[in-house]
Amino acid sequence: MKFYSLAAIVVTVLTFGSMAKAEEVFRIEVGRDYNNYSQRDLQRRVWELERAVQQLQARVFQLEYSRVAAPAPKPVDTWICKVNAMGVTYSGTGATKAVAEQAAIEDCKAKAEDFFCKDAKCSQ
């Protein structure tokens, strides 16, 4: 039963993998009654499975390499916060509200008195 499951998984993965690449995929047919197979038939089936598993392994390696090699995208600054201190507005942006609020407060502290740099108003 495990053999049928492995063969079905290999066929499924290779079929869907072939959509992404134009290379010829080696397809496996699931057998029903191995008692009627000759020794030569069984050897041919083992060779076919080895070939299909090799293709599957190559595809898995390719997917793993592309996942590792691609850099993670930088978070998008979706929050903006503003601090009004002594008539001047200071702002900061960030991927989260907390990051944007901290950026706005730090901008204010760098250019104004610390006491007035609070109560940031944020929006997304």
Could you grab the distance from atom CG of Leu42 to atom CH2 of Trp47, nearest 0.5 Å is fine?
15.5 Å
All heavy atoms of Gly92 vs all of Ala103, minimum pair found to be CA-CB, 3.8 Å
Supply the atom-to-atom distance Asp114 CG to Cys108 SG, rounded to the nearest 0.5 angstrom.
8.0 Å
If you round to the nearest 0.5 Å, how far is OG1 of Thr93 from CH2 of Trp79?
13.0 Å
side-chain hydrogen bond (donor to acceptor under 3.5 Å, both in side chains) for Gln62 and Arg59? Distances and angles first, verdict last.
CA-CA 5 Å; Gln62 177 189 20; Arg59 180 68 176 142; 2.8 Å; yes
Are the side chains of Phe116 and Glu113 in touch, meaning some heavy atoms are under 4.5 Å apart?
yes
Are any non-hydrogen side-chain atoms of Val88 and Tyr90 less than 4.5 angstrom apart?
yes
Going by heavy atoms in the side chains, are Val83 and Thr89 under 4.5 Å from each other?
no
Sequence-distant partners of Asp41, side chain to side chain donor-acceptor pair (under 3.5 Å), two or more places apart
Ser38
Which residue pairs pass the salt bridge (charged side-chain N to carboxylate O under 4.0 Å, His left out) test when at least one of the two sits in residues 87-109, sequence neighbours left out?
Asp107-Lys111
How far apart are the closest heavy atoms of Ala100 and Gly94, and which atoms are they?
CB-N, 3.5 Å
Using links of under 4.5 Å between side-chain heavy atoms of ILVMFWY residues, direct or through other members, which residues join Ile80 in one cluster?
none
What's the separation between atom OG1 in Thr96 and atom CD in Gln124, rounded to the nearest 0.5 Å?
10.0 Å
Looking just at side-chain N and O atoms, do Arg51 and Gln54 make a donor-acceptor pair shorter than 3.5 Å?
no
Arg45 versus Tyr37: any side-chain heavy-atom pair under 4.5 Å?
yes
Distance in Å, Ser123 OG paired with Lys82 NZ, rounded so as to fall on 0.5 Å steps
7.0 Å
